[in-house]
Amino acid sequence: MKEIRIHARAGQGAITAAVILGEAYFLEGKFTYAFPHFGAARMGAPMNAYVRCDTKPVILRSQIYEPDYLIIVDSTLIKDFYCLRGLKEDGIAIISEKEGIEIPKPKKRQKFYVVPANRIALETIARPLGNTVLLGAFSAVTEEIRLESLIEAVKKRLSGKAAEQNVRAVEKGYEFIKRG
Amino acid sequence: MRKFLQGSEAVAEAVKLCKVGVIAAYPITPQTPIPETLAKMVADGKLKAEFINVESEHSAASFVLGATATGVRSYTATSSQGLLYMGEVIFNIAGMRLPVILTCTNRAVSAPINIWNDQSDSMALRDSGSIQFYCENHQELVDLHIQAYRIAEDKNIMLPVMVSMDGYILTHGFEVVDVPSQEDVDKFLPPLNLKHKLDVENPLTLGFLADPEYYMETRYAIQKTHEGVLKFIPQVVREFEGVFGRRSGGLVECYRLEDAEKVIVACGSVCGTIKETIEEARRKKKKYGLLRIITYRPFPLQEIYKALKDKPQIAILEKAVSLGAYGPLYTEIKMLFSQKDNKKLKREKRICGFIAGLGGRDITKDTISYIFKRLSQKQVDCEFVDLKPEYIE
């Protein structure tokens, strides 16, 4: 079983990201459970979304404390909300870049990838919502999920212009990592 | 067809497949996505039903009461304070013997305000006469809503069913579900055909005065019907399997019980976490098992007795507490083993009560392991697990 924890503020698309990722795993024939954890849900409040995936049905219902992967949509949360806590010794974090925010150093076997997700999102979606860019980067870094599956999942979950824009965002995020 | 769905969407799909004619609901977190999805289905013309916006849960329940009384299949959903506000009407629905289906998206009860999951709300209405189911996962959500209508509307039953699902964990979680075809659901669930219904051509009064001469017999009748429900549910499970090709629902689920020495009894989504913990413990040769209560009302006395009679150590894990007493399930299971002839029991028993996960406190594998470990130490009746000592004076 692989466990992914997504950190964001409410309104930044953490749930959408979790659902797209879950849908993509489902399209690849895996079992998956994607779920949010809110504070008293309001715009801007820190929140988490989680994805578990496995080759057998996922039955564990608790929150994720020791993720294999972290996706941090808003890096201003890293310090005060302990986003890196519990990340596995060989875990990977995909982090949205933000000016003036210092990203801590990873432990010896951990890997952190910093992606200018909001800049890419402004180019593709015209709004600073880096969630889907980070999913593209996640695919490229971890090879857990194929880019095609992510794109198909975006098209299933979003429609019209939003789908087109987010497909491009996913592709750009993927390319950013692949170009190194 | 297999789909990746939110629990609330899965429920709405099931309700749609049951071809309900009236939906009345008042929004309350975490129930909201269910009526939202159904309202959209109605607005898009995918479900031919009346969606009635009401000003309160009391009215929502009253609407489905009235609609069902006229012979129209109806549905409502609520949670927490909303369920308690419906409470008066739910007793009426049961008393009038109307087959209303209600989803309770389990949430803690105020005060203090807490929108997160526990099962205090539905447990508080266990004495209403309504049948109660507790779902573990999304597939069961779909299957038990379909079975609920089949059971409620049987002419020998005619009682409401409350299908309980843990708030957020199931309502807002996404999972793969097999959504049945309309054709199969139609095969399993015939149209509602009430023997007695409100009809202007043939006037009738429901729920009218029953003075001391009559009232007690109406309560006795519901009690007797509940005994019948215990026999009927296994039959419905078999019928369901015949049509849909899978076993789903029922009274209880015995998980790894054959050789288990320590057993947790619980209901709802936490059973997934318990099963996962059991599997890990089994790899270390620990003989752990789970008895999952699916049908809580009527209380499946015989099945519980059969499953637990040879088990030396039993923990009842509950997300609800009858304040001033114990967990409701603990009280009932303890009663079961004190009233049965103790000489029949092969070994001495320890039955302990644990309260966990109130107001959304996460129940982890560590919580479950702790309970299994605690079980061999000493008798506890009502231990609150995972308390934070720094908040207690």
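Lettering follows sequence order; numbering is per chain, from 1. Excluded from the calculations below are hydrogen atoms, water molecules and symmetry mates; all remaining heavy atoms, backbone and side chain alike, are included. Values in this document were obtained by computation on a predicted structure and should not be read as measured data.
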Check your understanding: Ignoring hydrogens and geometry, is there a side-chain-to-backbone donor-acceptor pair from B:Asp362 to A:Ser62 under 3.5 Å?
Key -> no

Review point. Should we say atom CG of A:Leu122 is surrounded by more than 12 heavy atoms from elsewhere, each under 6.0 Å from it?
Key: yes

Check your understanding: Heavy-atom count around A:Arg127 CZ within 6.0 Å, excluding the residue itself: above 12?
Key -> no

Review point. Is chain B contacted by the side chain of A:Val51, its backbone, both, or neither, given a heavy-atom distance below 4.5 Å?
Key: neither

Point to revise | residues 262-273 of chain B: residues contacting chain A (heavy atom under 4.5 Å, by number) | key: B:Ser269, B:Gly272, B:Thr273

**Study point:** chain B neighbours within residues 142-171 of chain A, where any heavy atom lies under 4.5 Å away
**Key:** A:Arg157

Exercise for review: Could you go through the side chain to side chain contact (heavy atoms under 4.5 Å, CB included) check for A:His37 and B:His172 one step at a time?
Suggested key: CA-CA 9 Å; A:His37 177 69; B:His172 288 64; over 6 Å; no

**Study point:** Test side chain to side chain contact (heavy atoms under 4.5 Å, CB included) applied to B:Glu175 and A:Thr32, step by step
**Key:** CA-CA 6 Å; B:Glu175 199 167 71; A:Thr32 171; over 6 Å; no

Exercise for review: Go through the steps to decide whether A:Val19 and B:Phe4 satisfy the test side chain to side chain contact (heavy atoms under 4.5 Å, CB included), and finish with yes or no.
Suggested key: CA-CA 9 Å; A:Val19 173; B:Phe4 183 62; 4.2 Å; yes

**Study point:** B:Ile363 versus chain A, the contacting section by heavy-atom distance below 4.5 Å
**Key:** backbone

Check your understanding: From B:Glu279 CD over to A:Ile59 CD1, what is the distance, rounded to the nearest 0.5 angstrom?
Key -> 7.0 Å

Check your understanding: Heavy-atom count around B:Lys16 NZ within 6.0 Å, excluding the residue itself: above 12?
Key -> yes

Review point. Hey, does A:Phe26 have a side-chain heavy atom less than 4.5 Å from the side chain of B:Arg2?
Key: yes

**Study point:** Leading residue by heavy atom contact count with chain A [cutoff under 4.5 Å; candidates B:Thr364, B:Thr277, B:Ile274, B:Leu170]
**Key:** B:Thr364

**Study point:** A:Glu175, CD atom: more than 12 neighbouring heavy atoms under 6.0 Å
**Key:** yes

Revision key, fill the gap. The interface call for A:Tyr50 against chain B, heavy-atom contacts under 4.5 Å, is neither

Practice item. Taking atom types as modelled, find out whether B:Asn137 and A:Tyr33 have a side-chain donor-acceptor pair closer than 3.5 angstrom. Key: no

Exercise for review: For side chain to side chain contact (heavy atoms under 4.5 Å, CB included), just list the numbers for B:Ile169 and A:Phe35, CA-CA rounded to whole Å, side-chain angles, deciding distance to a tenth of an Å, and then say yes or no.
Suggested key: CA-CA 7 Å; B:Ile169 299 164; A:Phe35 58 110; over 6 Å; no

Point to revise | Inter-residue atom distance A:Ile15.CD1 - B:Phe174.CZ, 0.5 Å rounding | key: 8.0 Å

Revision key, fill the gap. In terms of heavy-atom pairs under 4.5 Å with chain B, the winner among A:Glu23, A:Arg61, A:Arg52 is A:Arg61

